[in-house]
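Worksheet: one structure, shown below.
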Amino acid sequence: MLAWYRAQQRDLPWRHTRDPYRIWLSETMLQQTRVENAIPYYERFLERFPDLASLATADEDQVLKQWAGLGYYARARNLKRAAETVVRDFGGVVPQDPERLRALPGVGPYTCGAIRSIAFGQQAPVVDGNVRRVFSRLLAEKSPPDALLWRAAHELVVGPDPGLFNQSLMELGATLCSPRRPDCRPCPVRDACRGRATGDPSSFPEAARRKPPRAVQASCAVLRRPGRPSQVLLMRRPSKGLLGGLWELPSHDSLDSDGLAAAIRDRSGLLAEPGDRLGKLRHAFTHISLTLSVIEFEHVGGRLRGRPAEDGSRARWCGPAARRDLPLSALMQKSLRLARL
DNA sequence: AACACGGGGCA
DNA sequence: TGCCCAGTGTT
């Protein structure tokens with residue numbers, strides 16, 4: 001495995017460092033996210049936040065801005081909170097012991113093992129989706145229980161370079177031992193693989209059945225500021241939940257434009273009436289199939305109440321510069337584009 | 001144990 | 001367009 005990895009590994013930005021912060025950032029970005037997708041975010045994030053201290057003292061909006069478009073935004077909020085904890089409690093030095101590491105928000109069993117082995121050289125196991133698939137095939141087990149996978153990873157990570165070994169396992173799963181069409185010919189462990197011996201390694205592991213996404217109808221408002229038409233009303237979503245902490249055109253979970261007007265009034269203090277529908281967008285989340293109606297609104301009274309609510313939501317008028325500066329989801333970037341903003 | 005949480009690549 | 005991917009935190 002080590003020889004194969006040394007010869008065949010992809011050249012990735014986080015493979016040129018053992019800085020715990022950079023390893024931690026890369027592992028966090030790689031959760032649920034493909035390597036090619038994460039690379040530009042990783043580079044930009046480090047330009048903006050070169051170390052733990054700069055991340056700890058940043059505004060949450062600035063951190064989310066760097067994350068915008070990558071998804072699963074709790075990862076960014078947790079990473080920032082964890083950075084604050086490390087600076088405050090550990091003098092800015094990432095702790096090496098598993099208990100303290102694991103206690104940081106966003107650091108679960110996988111990330112803990114990855115930081116320990118890759119950054120600190122400890123013999124700590126990792127089990128991610130790649131490792132799960134590689135082991136499932138090696139053992140020809142359709143759905144090996146987590147405990148078995150972690151035990152196997154623990155028993156195998158005993159060599160001189162645990163970080164390289166763990167990465168070799170994950171690299172194998174990400175490249176040759178791919179989900180659909182594994183390429184066994186160049187595999188360094190082909191002779192030990194019971195899945196290959198069955199003649200159909202791709203049948204391992206058994207595919208998890210997923211629920212179909214639920215259909216959601218929603219609407220959002222384009223409300224221009226009276227006298228300053230280049231500015232529109234944007235709102236910050238509550239810190240928790242879907243797209244937490246990101247900014248958006250005022251939205252609510254129904255096609256009903258009067259309901260949307262009521263939501264605008266309740267959350268901003270502004271009175272507005274619906275006008276033309278600018279268009280309809282479809283956007284697929286893992287668990288939601290969203291149809292979003294973008295509706296032009298006209299201001300008819302009231303003044304903006306900018307005070308943030310308890311849940312972190314707030315409203316403000318935003319011109320083009322502010323819109324470039326605030327974190328917007330992929331969906332909202334589509335919506336602003338539809339509205340020619 | 002089940003569920004919430006994004007986005008992009010690919011057929 | 002529909003399918004696929006798969007860590008952490010919460011309930």
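By convention in this document, chain letters (A, B, ...) are assigned in the order of the sequence lines, proteins followed by strands, and residues within each chain are numbered from 1.
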Give me the distance, rounded to whole Å, that separates B/dC3 from C/dA6 when you measure between the C1' atoms they each carry.
14 Å
For A/Gly244, answer base if it contacts any base atom (sugar-phosphate contacts may also be present), sugar-phosphate if it contacts only those atoms, and nothing otherwise; contact means non-hydrogen atoms under 4.0 Å.
nothing
Whole angstrom is fine here: how far is it from CD in A/Glu36 over to P in B/dG9?
8 Å
Send over the distance from A/Leu246 CG to B/dC5 C1', rounded to a whole Å.
13 Å
Quick one: A/Leu242 CG to B/dA4 P, roughly how many Å, whole number?
11 Å
Round to the nearest Å and state the distance from A/Tyr41 atom OH to B/dG8 atom C1'.
10 Å
Rounded to whole Å, CZ of A/Arg75 lies from C1' of C/dA6 at a distance of 11 Å
Can you confirm whether or not the ring centre of A/Trp67 sits under 6.0 Å from the ring centre of A/Tyr72?
no
What is the minimum heavy-atom distance between A/Arg316 and A/Leu304, and which atoms define it?
CA-CD2, 3.7 Å
Are OP1 or OP2 of B/dC5 and a side-chain N or O of A/His287 less than 4.0 angstrom apart?
yes
Applying a 4.0 Å non-hydrogen cut-off, can you work out what A/Leu30 is touching in the nucleic acid: base, sugar-phosphate, or nothing?
nothing
In whole angstroms, how far is the P atom of B/dG7 from the CH2 atom of A/Trp67?
13 Å
Between A/Tyr72 and C/dG9, does any side-chain N or O lie under 4.0 Å from OP1 or OP2?
no
Please answer whether the main-chain N or O of A/Pro105 pairs with a side-chain N or O of A/Arg81 as donor and acceptor at a distance below 3.5 Å.
no
Looking for any heavy atom pair under 4.0 Å, which part of the strands does A/Arg214 touch: base, sugar-phosphate only, or nothing?
nothing
By the 4.0 Å heavy-atom rule, please label A/Ala74 as base, sugar-phosphate, or nothing.
nothing
Quick one: on DNA chain C, does A/Arg102 or A/Thr33 contact a more 5' nucleotide (nearest heavy atom)?
A/Thr33
Rounded to whole Å, how long is the line connecting atom CD of A/Glu27 with atom P of C/dA6?
14 Å
Check every atom of B/dA4, C/dT8, C/dG7 against the side chain of A/Gln32 and return the nucleotide holding the closest atom.
C/dG7
In whole angstrom, give me the gap between the P atoms of C/dT11 and B/dG6.
15 Å
In terms of side-chain heavy atoms of A/Phe285, which of B/dG7, C/dC4, C/dG7 is nearest?
B/dG7
I want to check a possible cation-pi pair here: A/Arg44 against A/Tyr41, using under 6.0 Å from ring centre and within 45° of the ring axis as the test.
yes
Would you say the side-chain atoms of A/Arg48 and A/Gln62 include a donor-acceptor pair closer than 3.5 Å?
yes
So which one's nearest nucleotide on DNA chain C is more toward 5', A/Ala208 or A/Arg81?
A/Ala208
I need the CZ-P distance between A/Arg132 and C/dA6, as an integer number of Å.
9 Å
Minimum heavy-atom distance A/Pro182-A/Pro201, with the two atoms named:
CG-CG, 3.9 Å
Touch check for A/Ser329, heavy atoms < 4.0 angstrom, all strands: base, sugar-phosphate only, or nothing?
sugar-phosphate
The nucleotide from C/dA6, B/dG7, C/dC5 with an atom nearest the side chain of A/Pro179 is C/dC5
Residue mapping more 5' on DNA chain B - nearest nucleotide basis, A/Lys211 or A/Thr286:
A/Lys211
Looking only at B/dA4, C/dC4, B/dC5, the nucleotide nearest the A/Arg34 side chain is C/dC4
